[in-house]
Structures are given as structure tokens and as C-alpha cells.
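To find a chain, count down the sequence lines: A is the first, B the second, and so on, and within it residues start at 1.
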Amino acid sequence: MRRTRQPSGKSNQDELPSGSQSQASQNPSQSQATSLTQAEKAAAKLDQKELELKVNDLVQYLLIMDQKKYPIKKVDINKVVLKDTSNKAFPLVMKRASEKLADIFGIDVIELQDKQKGSYILISKYEIDADKPNVVWPEEDNTRMGLLMIILSLVFMNNNIMQDSEMWHTLKKLGIDPEVPHETFGDVKKLITTEFVRQGYLEYIRQPQTDPLVYDFKWGQRAKAETSKRNILHFVSQMYDVSDPQQWTSQWQDKENEEEMEVSQANSN
Amino acid sequence: MASEETDPVCDDEIDIVDVEENMKYLKPLQDEKERREIRHKYRTFIEDMERDKHDLINPESDSLNERLKQADELYKPVKMTREAALDSQALVLIANMGRQKAQALNTEFVKFQPVEFVEKLVAKTFLCGNVLEDRTISTEKWSSLGKAVQPSFKRCPPFRFINGSFERGEVRVGKERVKKIKEKDNTVDKATVPVQVQRVQDTDKMEATTAEVERIFAKLQECYKISKNNPLCYFEFVTNPFSFGQTVENIFYVSFLVRDGLVKIFLDEDKLPVIEPVNNKETEGSDKSEKNRQVIVSVTPADWKEIVKTFGITDCVIPNRPSAGVAKKNMK
């Protein structure tokens, strides 16, 4: 639905929802995220060298900020990398930086949604071959991944949500107690409810209107990006000596649904 | 005109009839006592629900449905907003419990039991078939589980620089640094325990010097033996062709030896200074006169270079010491 009344030649009018009746505003884009074309305009004001510098700066910034695995905020990027440059150039600079990361480092930049919208995480493009692992991780990392894997498995197999009381009850069987400092993990409760949540591996949601407070565990956005239900189902099946993961009917269905969605998304892109 | 009747609040002149009309809306439709009773019933209802939560969530039981019917009954006498609000609170609670009940519902043929899963996990990965008496899982076991699991994640390794801030120079430089830091510690201690540390510092310095001096004396005697008890050329002995600083230090230490009468320096037939360890028994008498002679020796870097060139000194007789001065000279 083209609006011929728009005086400015901006092509982002296509992105406005067709149901909206706004005609008067000269700059509709300001109410929404700046589109790529407008950013390109802003970026054209920068000379190419400066733009290149900013893109490289952003690549470095992303790589370094990723060390702790906390999502990188757009606000910070604007403050640190773009600085004097117009914030409108952000989409273009980010797009170029993502391309560089993909080509040179094999890293995808993924924007988080919902609560963590406006922040970015780095994910490797390629899965590591289990038979020939080419990356050696530090011990702390390995121990955390072990614990995380178990938690993600529990949540997934429990229909993608698990109450905290049940989680703690189950983890106790592994010698993990939220009240007791753990030999390997230290303050386990903090690790699971704060650190993993902050990194985006888990979601720790409060159940509304309960007394005493009750929380639910769910997969976080990073977990969804880094691994898949198929992997987890495979892992769980290994534990049960089950050669056919299909016997977990609903979880298998769940995984199938997720894979279908991924395929259709990939096709539409 | 019409607006006066429909929007009486805005009017400046408030008609008495209109006021009574309005009061009709504000006056409670119900007896206060009745309302209190209803509210009380609702509150009890909500408390009971929370208390029995676990039973209500259990998919096996139908009690949630009954509660819903109860809530319906309670709502019948409700006429005012306050009680209605309590009713909606109760309904929200029922709805939440309904959700949890639905989640707990299991249509699996093979049901997932979290505890069972964990026990199998423990048996397989942590115990590896062996029975552990001590049920704690060590860090190593966690680590190996994690390692096995890493390929399931598409994790991007964190970016680290390969070379940290490194300094040029050999290991020697590191040792010097350590020494320097230790000295710094000493000065810090000085603030807190002044008397003690001062003493330690003095003796330390003395010991260091004395140790050096003794070492040089031993070296001299060794060289003297090698040269078949002939006096050694002074310059050849003290000069360190690699370091001016060390040369000066050598001269310094040798002067101690002279002061203590262990060594004597004199000019030979070529008027070049030579050095010789003193045998106390033989030359006790002449020592006194020798000791009293004081000479101030000055040597500049230029002189030092001259000496090295003239005497063709290629290697130091007195071994090189790892001291602060060396690295700097080398860097320059």
C-alpha cells in the first residue's frame, strides 16, 4: 500500500505496517528502528575510510566484549565505537562488521529478542567435530558446560519448563545444593540463577503471585542459538542406553517441530 | 443544553437535583455488613487455595474444578467493585493453578523422571561403572563431562591475545625484576617495623658486599696460582669488557680488599698497576706503611673503553654479576 503523500523520497515507508493511518509525520522512521537505507544515507556522509575504521573497531569490540559471554549492548556499542558518528549509521556498520566476522572468523552475530532486545551475542558458525575437537577449553569452562548440559536436558525433557524446587531437588542428587558452597562451582545458586541467566543460557522467571516466591527455569536465547533440541535429545538418549530417541514421543515431536520451523525460516530468508 | 444534563460535573451551577442523581451512584447498593462477609469469605477461599496448592495442581485430582464452582457461588451476592476485585484475584489464582496442572499433565508412554535421569547420568559418566563410596563428584569428572559435551554447542571461543605484554631480554631480566620487587617490599616494611628492618637492611647490604669481596678475593688467589705467583695486571683483573658499571663495582670491591690488607696494589717496572694477594705472615711489617696510602681512582666510560682496547681485554676475569646495571647497559 503505497502512500503517495509522503514528500520525502525515503523508501522505508514500505516497512510501516499497512494498517497504520499516520499520514502527517514527515519522519515515520523515527518511531521505528532506523532502516538500512536511511543508515546508508547517514553512512554516506562518513567518508569510506572512516567507515572502514568504525567497522574494524566494531569487530574488535565485539570480539573482546565477548570474553565473558555477556550479551553486548547496542547502547554500549554506540557509546564506545560509534562515538561522534551518528547513531543512525549503526545498522550499516553492524551489518558490515557481521559480514567480516562471518568471513574471517566464522562467527555469527545474533541479536537477542524480548527482554534482552538490543543486545548481541557471538555464536560460532560451525559445529565442532566430536571426534576431532579442535578447541581446548579451560577447566572452568568445561565444568560449567557439564552442569549447563544437565540443566538444559532436565528442562527440555520436562517440557521446556521446570520449577526451581524440582530443579534443586534433582541437582541434589549430583551433590549440588543451593545453600552450600560447592567445591567446583562455588556459589552454585548464583551461578545458575544469575550468571547463566545473564549470559543468556537460562531464563529464570518468577511465577506471578506466589507466596513464597517460586521461579521457573527455561532455556535462554543463547542456549537456543548454540545448541539444538536434537543434540540434547541425543545426549539424554545416550544416558538411557536407548538407541532410538523416538521413544521419547513428545520430546521427539518437539524437536521435529523446531527443526521444521528452522527449515521454513531458512527457506523464507 | 444537553451537555448540562450529561456532564454535570463541569457545570458551574450545580443543580440540587443533579447532585442527588449523582449520589445515587456513590451510595453503596449493599449493606456494609454483607460486604464484609463476602470479602471475608473470598479471602478465606484464596488462603485455602494457596494452602492446598499442591493437591490442586496434581492432575490426578479434580479439586480445582470444585474450587472453581465454589468461586462461582461466592460471586453470586457480589454487587460492588471491591468484592469483584477479590473475585478476579481468586480467578487468576485458579487460572494459574490450571496452567500448572496442565504442565504437570503427562501423556507420555515413557515418562521422563528427572531424578532417574540424573542417577543414570551419575552411573554412566561420573562413576563409569565403579561404585564410589564417597558420593561427591570431583572437579575432574565435571570437567570431563563438560569436555565431552562441548561439541554439542556452537560456542565461539573468547578472544585473547596470544602474547601478553612481554619484555625483551633474557630470563636474567626477570630475575632482576624479582630482586627489585623484593627491595621494594623492604621499604614498605620499613614504615611499619622501622627498627627491625633497618638492621636487616644494613646487614643485608654488608653481607652482599662482603660476599662479593670474598668471591673476588678467591678469584684473585685462583688467578695468582695460575700465573705461578706472579702479580696480575690490575686492569686485566678488574675490567669487565661488557659492562662499565661492573668494572667500577669490581674496583670498589678490590678497594675493600686493599683496605683490609688482604691485597696489595703497586706499580711494576712498566709503571702499570699490578695486584697481588698478601700473605700476612711475610709482609706484616710493611703492611702498615702500605695501608696508610690512600689513592682515589677515577675512571670514565671513555677511559674504560680505552683500557679495554689497549689491554685487549676480551673476557672478564671476575665473573659477570647479574645486577641491575647490566641489562640497562646491554639495552643501550
Looking at side-chain heavy atoms only, is the closest gap between B/Pro158 and A/Trp137 below 4.5 Å?
yes
Separation between CE of A/Met145 and OG of B/Ser143, rounded to the nearest 0.5 Å:
12.5 Å
Atom CD of A/Glu256: over 12 foreign heavy atoms under 6.0 Å
yes
If you count the non-hydrogen atoms of other residues, nucleotides and ligands that lie under 6.0 Å from NZ in A/Lys218, is the total more than 12?
no
Take the angle between the ring planes of B/Trp142 and A/His182 and call it parallel below 30°, perpendicular above 60°, tilted in between.
perpendicular
Given that the side chain runs from C-beta out, which part of A/Ile176 has a heavy atom under 4.5 Å from chain B: side chain, backbone, both or neither?
side chain
Around atom NZ of A/Lys189, are there more than 12 heavy atoms from other residues, nucleotides or ligands closer than 6.0 Å?
no
Would you call A/Asp108 and B/Lys154 a salt bridge, using N to O less than 4.0 angstrom?
no
Using modelled atom types and a 3.5 Å cut-off, is there a donor and acceptor pairing between side-chain atoms of A/Lys69 and backbone atoms of B/Cys156?
yes
Residue pair B/Gln150 / A/Asn142: nearest heavy atoms and the distance that separates them:
NE2-OD1, 3.1 Å
May I have the step-by-step check of side-chain contact (heavy atoms from CB on, under 4.5 Å) for A/Val135 and B/Arg155, ending in yes or no?
CA-CA 10 Å; A/Val135 181; B/Arg155 295 182 75 216; over 6 Å; no
Output the option from B/Glu50, B/Lys120, B/Glu140 having the highest count of non-hydrogen pairs under 4.5 Å with chain A.
B/Lys120
Under 4.5 Å from any heavy atom of chain B, what part of A/Val236 do you find: side chain, backbone, both or neither?
both
Between A/Gln60 and B/Phe159, is a side-chain contact (heavy atoms from CB on, under 4.5 Å) present by the stated rule, with each step listed?
CA-CA 9 Å; A/Gln60 282 198 19; B/Phe159 183 80; over 6 Å; no
Which of residues 197-207 of chain A have a heavy atom under 4.5 Å from any heavy atom of chain B?
A/Tyr201, A/Gln207
Backbone N or O of B/Ser152 within a donor-acceptor pair of the A/Glu127 side chain at under 3.5 Å?
no
How would you list, by chain and number, every residue that makes a side chain to side chain donor-acceptor pair (under 3.5 Å) with B/Glu47, sequence neighbours excluded?
none
Among A/Leu122, A/Ile64, A/Thr143, single out the residue with the greatest number of heavy-atom pairs under 4.5 Å to chain B.
A/Thr143
Tell me, for A/Met167 versus chain B, whether the close heavy atoms (under 4.5 Å) come from the side chain, the backbone, both or neither.
neither
Greatest number of heavy atom pairs closer than 4.5 Å to chain B - which of A/Asp141, A/Leu148, A/Ile232:
A/Asp141
Can you confirm whether A/Lys173 sits close enough to B/Leu121 that some side-chain heavy atom of one is under 4.5 Å from a side-chain heavy atom of the other?
no
Side chains of A/Met149 and B/Leu145, heavy atoms from C-beta outward: is any pair under 4.5 Å?
no
Under a 4.5 Å heavy-atom cut-off, does chain A meet the side chain of B/Glu119, its backbone, both or neither?
side chain
Below 4.5 Å from any heavy atom of chain B, which atoms of A/Asn231 appear? Answer side chain, backbone, both or neither.
side chain
Specify which of A/Gln67, A/Met65, A/Met162, A/Arg222 makes the most heavy-atom pairs with chain B at under 4.5 Å.
A/Gln67
Under a 4.5 Å heavy-atom cut-off, does chain B meet the side chain of A/Leu62, its backbone, both or neither?
neither
Measure distances from A/Ile123 to the heavy atoms of chain B and classify the residue's part below 4.5 Å as side chain, backbone, both or neither.
both
Select one option (side chain, backbone, both, neither) describing which atoms of A/Ile161 are under 4.5 Å from chain B's heavy atoms.
side chain
Report which part of A/Ala223 has an atom under 4.5 Å of a heavy atom belonging to chain B: side chain, backbone, both, or neither.
neither
If I measure from the heavy atoms of chain A, does B/Val149 come under 4.5 Å with its side chain, its backbone, both, or neither?
side chain
